[in-house]
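Beneath this line is the structure, given in C-alpha cells, with notes to follow.
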Amino acid sequence: MSSQVVVGTQWGDEGKGKIVDVLAEKADLIVRFQGGDNAGHTVIVEGKKHVLHLLPSGVLHKGSLCIIGPGVVCNPFVLLKEMDTLIAGGLTCDHIIISDRAQMLMPYHCYQDELEEQAANNKIGTTKRGIGPCYADKYARRGIRYHEFIDFDHFKARLKEVLDFKNKLFTKVYDGHAMDYDTMLKDFEAIRDRILPMIKETTHIVNEALDQDKTVLFEGAQAAMLDINYGTYPYVTSSSPTSAGVTTGAAVAPSKIKTVVGVVKAYSTRVGEGPFVTELLDEQGEWIRKTGGEYGATTGRPRRCGWLDLLVVKHANMTNGLTDIVLTKIDVLTSIETLKVCVGYEIDGEVYDYIPSDQALVAKAKAVYKEFPGWNEDISKMSEYDQLPQNCKDYIKFIEEFTGVPVSMISVGPDRVNNIYVKEIK
Ligand code: IMP
C-alpha cells in the first residue's frame, strides 16, 4: 500500500502543484481532501502553463482517477469552467469524480465572503471564493452536499430554505442585496447534466484502492500556517491542510498514511493579512517577488516575500509528521550575496524556539537569523545533487538538520523536468 500526502509547510504557494504533478505519474488515484478553488496550483508541462484552482494538479495525467474528496468545498460552476479550459487545450476530463459528501459551494457563499470582508474590522484578506462561509455552513449543518443535487425537487427545496435565510442575512445584517432564487435555480438546472455523472460515493473507492496496494496521492491545498486549528488564527483558511485533514477529508485512517511530503519553498511568501516575522519590506523583498514571480495564481495579488523561516517549517513538521521535504524555488536565491534563515523569534527579550499561538505576540517578534553565503552559479539546469555549489548544499543541509527531515527532492525550475532527485519518495 502506498499512500502519499503532499502538503504545504508555509503559507501556501510553495509549488505543490508541480510536485503533485511529478508524483502523479505513478499514482492510480489522486485525491483532494480540503479547501476549494482558493488554491492556485501552477503546473508547467512542455512549456505550457496550466493554473488549477479546484481540480487536483494530477488531472494532467489522464491515467489516474482524480477525486474531489468529501472534505472539499466545491463550486460546481468553477469546476466546469476549469474543465472546459483543459478540454479546449486538448486534455481530457473524463477521469474526475466528486464525492457525494463534498459540500457544494454556492453563489451565495461568494457574496457572503465579500460582504463579511467588507464589514470586518480585522480583515483576513480572503480569496473571496466563499470558502469560509461554505465551511461555516457545513459545521452549522446548513450546507448542501453533492448527493442532494441528485433529487432535483429536494435540491430546489433546500436551495429555497437556505437562500431565504441568506437573503435575510445579506439585507438585514450586511445592508447588501438579496439574491434571486429563480435565476440561481436556472443556473443550476443548466449544469445538472454535466455534474450528475461525476457524483459518486468515494470513501470506499479510496479505501479499496489502498487495500489493493494501489498508489494513492492526497493533494493538499494551502499550508500548515493557514490551518484552521494550528495556523496563524484568525489569518487562516477554514480547513485543515495538514496530513490530519486526509483522515477527516478523505475518510482514511491515520494508520494508512505512510508518506507525508512537505513542500518547502527556499524563502517565505504570504498573501493576505497576518504577522509575517521574516517579511522583507525593502528592495530585497521586491527583488525576490520579481525574480520568483510571486504574484497570486488565484487573485493576482503581489505576494509578501521574506527569508526562509525554519520555525514555520518545524511547526509544519510537528503538525504533519513529515517523512520527506521537497525544496522548491531554490534557483530564485541565486546571486544573493548573503542569505538569512530564521531560527528563533525574539519577543519582549525572550527567544522562542516555537511559534506562540497568540498572533499579537508573533506580531512583536524579531527574527533571530543564521546567515549563509550565497552562490552565483546558474543551478536551474542541474539534475544531480553533486553539481550544486557547496554554499547551496550547506543551505540545504541546514534545513535538514534544523527540521530533522530529509530533503528528498529539489526543484530548480518551473517545468516538470527541472528537478534533482536525492532520495526516492516511497
Ligand atoms: P480563504 O481561504 O479564501 O478564506 O482565505 C483565507 C486566507 O488564506 C487568506 O489570507 C488567503 O490569502 C489565504 N489563502 C487561501 N488559499 C491560499 C493559497 O492557495 N495560497 C496562499 N494563500 C492562500
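Whatever order the structure lists them in is the order used to number ligands and atoms, beginning at 1.
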Please list the nearest protein heavy atom to [atom] with its residue and the distance rounded to 0.1 Å.
atom	result
atom 14 (N) of ligand 1	L226 CD1, 3.7 Å
atom 2 (O) of ligand 1	T237 OG1, 2.6 Å
atom 5 (O) of ligand 1	T126 CA, 3.4 Å
atom 9 (C) of ligand 1	G125 O, 3.2 Å

Does the gap between the ring centers of Y146 and F155 come in under 6.0 Å?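 No; F155 has its ring centre 6.0 Å or more from that of Y146.
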When you measure from the centre of the six-membered ring of [Y], is the NZ or CZ of [X] under 6.0 Å away and within 45° of the axis?
X	Y	result
K370	F372	yes
K329	Y267	no
K166	Y108	no

Where's the contact between [X] and ligand 1, heavy-atom distance under 4.0 Å: side chain, backbone, both or neither?
X	result
V236	backbone
Y235	neither
E14	neither

Consider every N or O of [X] and every N or O of ligand 1, then say whether any pair is closer than 3.5 Å.
X	result
Q222	yes
R301	yes
T127	yes
K128	no
N38	yes

The one among T269, I124, V271 that brings a heavy atom closest to atom 22 (N) of ligand 1: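 Answer by nearest heavy atom: V271.
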Please list, in number order, the atoms of ligand 1 under 4.0 Å from a heavy atom of [X].
X	value
A39	19 (O)
D13	20 (N), 21 (C)
W11	21 (C), 22 (N)

If you take all heavy atoms of K26 and T215, which pair is closest and at what distance?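 Looking at all heavy atoms of both residues, the closest pair is O-CB, 3.6 Å.
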Close side-chain approach of I144 to M106, heavy-atom, < 4.5 Å: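 Contact flag for I144/M106 side chains = yes.
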Does the side chain of I410 come within less than 4.5 Å of I330's, by heavy atoms?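 In contact.
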Side-chain (E82) to main-chain (L54) donor-acceptor, under 3.5 angstrom: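 Between the backbone of L54 and the side chain of E82 there is a qualifying donor-acceptor contact (under 3.5 Å).
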Between SG on residue C74 and CE on residue M104, distance to nearest 0.5 Å: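 That separation rounds to 7.5 Å.
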Residue pairs involving residues 307-319 (criterion side-chain hydrogen bond (donor to acceptor under 3.5 Å, both in side chains); sequence neighbours excluded):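 Found D309-Y345.
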